[in-house]
Amino acid sequence: MILVTGATGTVGREVVRLLGADVGVRVMARDPARVRGASETAEIVAGDYRDPRSLGRALAGVRTAFLVTGDVAGGDDVRFIRAAQMAGVGRVVKLSAAAVVDRCADDLVTRWQRAGEEVLCASGLQWTVLRPRAFMSNTLSWARSVRCEGVVRALYGSSVNACVDPRDVAEVAVRVLTEDGHAGGAYTLTGPEALSAAQQVDQLGRLLGVPLRLEELSPGQARLALGRRYPVPVVEALLQSAERQRAGAKAQVQDTVRAVTGRPARTFRVWAKDHLAAFVPGAADEAGQSPRRAGHGTGRWLTG
């Protein structure tokens with residue numbers, strides 16, 4: 001039995017979709033009605049990291065668990081891992097972030113993910129850690145301004161990030177969940193090239209067949225814009241992350257997706273082509289996700 005958490009988030013829902021009826025799957029969500037794409041044989045249960053009884057029920061009989069958390073205070077990782085130990089779970093695959101291995105990364109979000117990894121590695125459970133760069137799907141936060149104005153507003157538009165298609169992260173996760181040989185692995189997952197926001201805007205405009213304009217935000221403008229959506233500590237973490245990106249900390253490309261799945265990572269152009277409808281005038285507003293909601297799951301902060 002494999003337990004999938006974060007099943008309504010960007011990666012989790014792809015993991016649920018990819019895990020077929022040939023394996024035992026249990027899906028945990030705060031609101032089971034929001035789960036989409038699960039096989040007919042999958043068991044969908046209500047669960048909350050702050051409800052020990054629901055965790056115990058979700059983990060009963062589970063051999064391997066896919067862990068996605070969103071509490072920057074770190075409590076959810078501790079609670080889940082403690083419950084997994086009590087339930088006799090053999091292996092936990094945790095979704096983390098590539099920034100944890102950067103010694104210069106000391107923002108709130110990175111410290112939280114780093115601490116979560118440390119708790120898991122010290123738990124005595126078998127573990128594997130997945131460390132993606134920023135998701136290509138974070139560009140869905142541009143969708144409304146692209147549709148309505150033909151404009152993308154971004155901080156440090158020429159800085160590059162080896163962003164990854166979340167579908168590739170999910171495919172790696174499924175391989176790790178269903179295959180042997182990944183215990184103790186820590187996999188940094190990137191796309192095949194490092195791109196700037198300016199380059200992404202150019203590619204997106206070419207696919208749409210319309211000219212798009214990039215308006216670069218100043219740090220002050222970015223702080224104000226982020227402050228309308230996120231708590232101050234998270235805003236500062238995102239700004240620190242952007243500074244590291246500007247310094248080149250997120251430019252390195254790794255071929256881990258190919259090493260695990262046997263095929264190369266998808267390009268941004270492929271991702272954008274597959275999601276182009278979100279940027280076309282007249283598309284529903286829901287297509288324009290914020291970076292938080294386009295991250296690992298509900299409430300997940302992804303600094304990459």
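Contact detail for P132 and V169: the closest heavy-atom pair is CB-CG2, 3.9 Å. When all heavy atoms of R133 and A249 are compared, the closest pair comes out as NH2-O, 3.1 Å. A pairwise comparison of heavy atoms in S54 and D48 identifies OG-N, 3.0 Å as the closest pair.
Panel note: side chain R103, backbone V100; no donor-acceptor pair is recorded below 3.5 Å. Between the side chain of W127 and the main chain of A183, no donor-acceptor pair closer than 3.5 Å is present. Although no hydrogens or angles enter the test, the distance criterion places a donor-acceptor pair under 3.5 Å between the side chain of T128 and the main chain of H182. Within the 3.5 Å criterion, the main-chain N or O of Q200 finds no donor-acceptor partner in the side chain of Q203. Under a 3.5 Å cut-off, the side chain of R26 and the backbone N or O of A60 do form a donor-acceptor pair. Remark: the backbone N or O of A105 is paired with a side-chain donor or acceptor of R114 at under 3.5 angstrom. For the pair Q199 (side chain) and S196 (backbone), a donor-acceptor distance under 3.5 Å is present. Within the 3.5 Å criterion, the main-chain N or O of D106 finds a donor-acceptor partner in the side chain of R111. Remark: side-chain polar atoms of T110 are not paired, donor with acceptor, to backbone N or O of D107 under 3.5 angstrom. Between the side chain of R91 and the backbone N or O of L177 there is at least one donor-acceptor pair closer than 3.5 Å.
Environment of CZ in R269: sparse, with no more than 12 heavy atoms of neighbouring residues, nucleotides or ligands closer than 6.0 Å. Shown here is D180, whose CG atom has no more than 12 heavy atoms of other residues, nucleotides or ligands within 6.0 Å. Residue-environment remark: CD (Q252) stays at or below the threshold of 12 foreign heavy atoms within 6.0 Å. Residue-environment remark: CZ (R263) exceeds the threshold of 12 foreign heavy atoms within 6.0 Å.
Here the side chains of Y187 and V257 are not in contact, with every heavy-atom distance at 4.5 Å or above. The shortest distance between side-chain heavy atoms of D165 and F135 does not fall below 4.5 Å. Looking at heavy atoms from C-beta onward, L212 lies out of side-chain contact with F279 at the 4.5 angstrom threshold.
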Discussion item. Let's go through E216 and R153 carefully: what are the C-alpha distance in whole Å and the side-chain angles of both, what is the deciding distance for salt bridge (charged side-chain N to carboxylate O under 4.0 Å, His left out) to 0.1 Å, and is it a yes or a no?
Written reply: CA-CA 6 Å; E216 186 151 334; R153 297 176 179 88; over 6 Å; no
Practice prompt. I would like to know whether F66 and V92 meet side-chain contact (heavy atoms from CB on, under 4.5 Å); could you show each step before the answer?
Written response: CA-CA 6 Å; F66 181 58; V92 173; over 6 Å; no
Worksheet item: Can E171 and R266 be said to form a salt bridge (charged side-chain N to carboxylate O under 4.0 Å, His left out), step by step?
Response: CA-CA 12 Å; E171 288 188 25; R266 294 175 176 91; 3.1 Å; yes
Worksheet item: Yes or no on side-chain hydrogen bond (donor to acceptor under 3.5 Å, both in side chains) for S241 and K250, after CA distance, side-chain angles and deciding distance?
Response: CA-CA 9 Å; S241 177; K250 305 182 183 184; 2.3 Å; yes
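Residue L226 is grouped with residue V109 when hydrophobic side chains (ILVMFWY) are merged at heavy-atom distances under 4.5 angstrom, including chains of intermediate members. Under the 4.5 Å side-chain heavy-atom criterion for grouping Ile, Leu, Val, Met, Phe, Trp and Tyr, L239 is connected to V72 within one hydrophobic cluster. Cluster annotation: V35 and V45 are assigned to distinct hydrophobic clusters (Ile/Leu/Val/Met/Phe/Trp/Tyr, side-chain heavy-atom contacts under 4.5 Å, transitive). A chain of hydrophobic side-chain contacts below 4.5 Å, direct or via other Ile, Leu, Val, Met, Phe, Trp or Tyr residues, connects V174 to V68. By the rule that hydrophobic residues join a cluster once side-chain heavy atoms approach within less than 4.5 Å of another member, L207 and L214 end up as members of one cluster.
Checked options Q240, Q245, R246; the residue passing with E243 is R246 (criterion: side-chain hydrogen bond (donor to acceptor under 3.5 Å, both in side chains)).
No side-chain donor-acceptor contact under 3.5 Å links T190 and Q254.
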